[in-house]
Amino acid sequence: MATPAEILNTSEERRVGATHLTTLTLKIRRFNPQVSDDAWWDEFTIQVDPFERLVEALHQVKWYHDGTLTFRRSCAHGICGSDAMVINGRNALACKVLVKDVAPKVTIEPIRGLPVLKDLIVDMEPFFEGYRAVLPFLVNDEPTERERIQTPEERERYDDTTKCILCAACTTSCPIFWADETYIGPAAIVNAHRFIFDSRDRAPRERLGILSEKTGVFRCRTTFNCTEACPRGIEVTKAIQEVKRAILFDRV
């Protein structure tokens, strides 16, 4: 049975600029507690458009080779953050990696530091527990008869950290998080930063108090893994350092 990519490549109506298919071997770390207590590796070799995204190569494996392969994905446009995984040893979103950049062979594993439920799906609850702990919402009960306005400069102060999509790529690239499950993690700090420096918010000191605890921001050892892993280009390490300075020098 021909795959959609093979049909596209032979069709007289194929898209403008379409290229010949390339051979891609996917080496995938598998785990299914109903099958084995131990993880194992599977390999699948497929023909795929080199300009296709890696998440579509995974779809092809699941739809045409092994329907038991399990992974998360949703928007497939780098916005929802669902398909974070370790690709050739680095955290990335499968929907943002092109086949041509990893062919002829790619190794795919679940993100590290979180319990693996099945194949590439991890239990995200420990990650979201840290996120919820920093009060990731605007706190302001002051009465007002109009919207709470900001200057462009006030908005710019925390603009970078509004880009977080909670994919966990930064947190699960952190060696401190791998070794200490109580560490709140880079993503939680980024989301705290977004509200700590928001001029409309009235709870920065509560968040700084949470982050000054032993499980908070000072567990960071500034390895820059988080910044390199962020698919949105957030300067995560810079945000962490700004929160540290706010705690040490009472600058909010």
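Keep in mind it's a predicted model, so treat the numbers as computed, not measured. Numbers here are sequence positions counted from 1.
Contact annotation: the side chain of I240 approaches that of P186 to within less than 4.5 Å [non-hydrogen atoms, C-beta and beyond]. Side-chain contact between L98 and R53 is present, with heavy atoms from C-beta onward closer than 4.5 Å. Put simply, the side chain of L54 reaches to within 4.5 Å of the side chain of I108, judged on heavy atoms. P104 has its side chain out of reach of T23: every pair of non-hydrogen atoms, C-beta onward, lies at least 4.5 Å apart.
Screening residues 208-221 for side chain to side chain donor-acceptor pair (under 3.5 Å) gives D180-R219 as the qualifying pairs, with residues at least two apart or on separate chains. Contacts classified as side chain to side chain donor-acceptor pair (under 3.5 Å) and involving residues 78-96 (residues at least two apart or in different chains) are given here: N91-T172.
Rounding to the nearest 0.5 angstrom, the gap separating the CZ atom in F177 from the OG1 atom in T182 is 9.5 Å. Note that the CD1 atom of I28 and the CG atom of D119 stand 8.0 Å from one another [nearest 0.5 Å]. Taking CD1 of I210 as the start and CD1 of I189 as the end, the distance is 12.0 Å to the nearest 0.5 Å. Atom-to-atom distance recorded for L114:CG and R112:CZ is 12.0 Å, nearest 0.5 angstrom. To the nearest 0.5 angstrom, D160 atom CG is 12.5 Å from R194 atom CZ. Rounding to the nearest 0.5 Å places CG of L69 at 8.5 Å from NZ of K118.
Placement of I165 and F137 in two distinct hydrophobic clusters is found when ILVMFWY residues are connected by side-chain heavy-atom separations under 4.5 Å, directly or transitively. There is no path of hydrophobic side-chain contacts, each under 4.5 Å, that joins I121 to V61. When the side chains of ILVMFWY residues are joined at heavy-atom separations under 4.5 Å, either directly or via intervening members, L117 and L166 end up in two distinct hydrophobic clusters. W41 and L120 fall into different hydrophobic clusters, where Ile, Leu, Val, Met, Phe, Trp and Tyr residues are linked whenever their side-chain heavy atoms come under 4.5 Å apart, directly or through other members. V99 is not connected to L93 by any chain of hydrophobic side-chain contacts under 4.5 Å among Ile, Leu, Val, Met, Phe, Trp and Tyr, and they are in different clusters.
Through direct or indirect side-chain contacts shorter than 4.5 Å among Ile, Leu, Val, Met, Phe, Trp and Tyr, F195 is connected to L138. Hydrophobic side-chain contacts under 4.5 Å tie V35 into a cluster, directly or through other members, with W40.
With 3.5 Å as the limit, one finds a donor-acceptor pair spanning the side chains of Y158 and Q150. The closest side-chain donor-acceptor pair between D38 and S36, if any, does not fall under 3.5 angstrom. Residues T25 and E43 bring no donor and acceptor atom of their side chains to less than 3.5 Å of each other. Neither side chain, T22 nor Q47, offers a donor N or O lying under 3.5 Å from an acceptor on the other. Side-chain contact annotation: H193 with R207, donor-acceptor N/O pair under 3.5 Å absent.
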Would you sort out whether T68 and N32 count as a side chain to side chain contact (heavy atoms under 4.5 Å, CB included), showing the intermediate values? CA-CA 9 Å; T68 68; N32 186 342; 5.8 Å; no
Where do L26 and L58 land on the side chain to side chain contact (heavy atoms under 4.5 Å, CB included) test, with the steps shown first? CA-CA 8 Å; L26 299 95; L58 287 169; 4.0 Å; yes
Applying salt bridge (Lys or Arg N to Asp or Glu O under 4.0 Å) to R155 and D159, what does each step give before you reach the verdict? CA-CA 6 Å; R155 178 61 172 77; D159 180 72; 2.8 Å; yes
Going through the checks in order, is the side chain to side chain contact (heavy atoms under 4.5 Å, CB included) test met by I247 and L211? CA-CA 8 Å; I247 294 171; L211 293 173; 4.2 Å; yes
Hey, mind stepping through R73 and F71 against side chain to side chain contact (heavy atoms under 4.5 Å, CB included) and telling me if it holds? CA-CA 7 Å; R73 77 283 185 273; F71 56 96; 3.4 Å; yes
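Using a cut-off of 4.0 Å between Lys/Arg side-chain N and Asp/Glu carboxylate O, R30 and E109 are scored as not salt-bridged. Using a 4.0 Å cut-off between charged side-chain N and carboxylate O, E154 and R157 make no salt bridge.
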Show the atom names and distances, to 0.1 Å, of all donor-acceptor pairs under 3.5 Å that link a side chain in residues 126-136 to residues at least two apart or in another chain.
unit_1	atom_1	unit_2	atom_2	d
R132	NH2	E125	OE2	2.3

Just distance, no hydrogens or angles: give the donor-acceptor pairs under 3.5 Å from side chains in residues 222-234, sequence neighbours left out.
unit_1	atom_1	unit_2	atom_2	d
T222	OG1	Q241	NE2	3.4
N225	ND2	S173	O	2.9
T227	OG1	V236	N	3.4
T227	OG1	T237	N	2.9
T227	OG1	T237	OG1	2.7
R232	NE	K163	O	3.2

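Listed for the K27 side chain is no donor-acceptor partner under 3.5 Å among the backbone atoms of V106. Distance alone, capped at 3.5 Å, is enough to place a donor-acceptor pair between the R202 side chain and the R200 backbone.
Heavy-atom minimum distance, L24 versus A57: CD2-CB, 4.0 Å.
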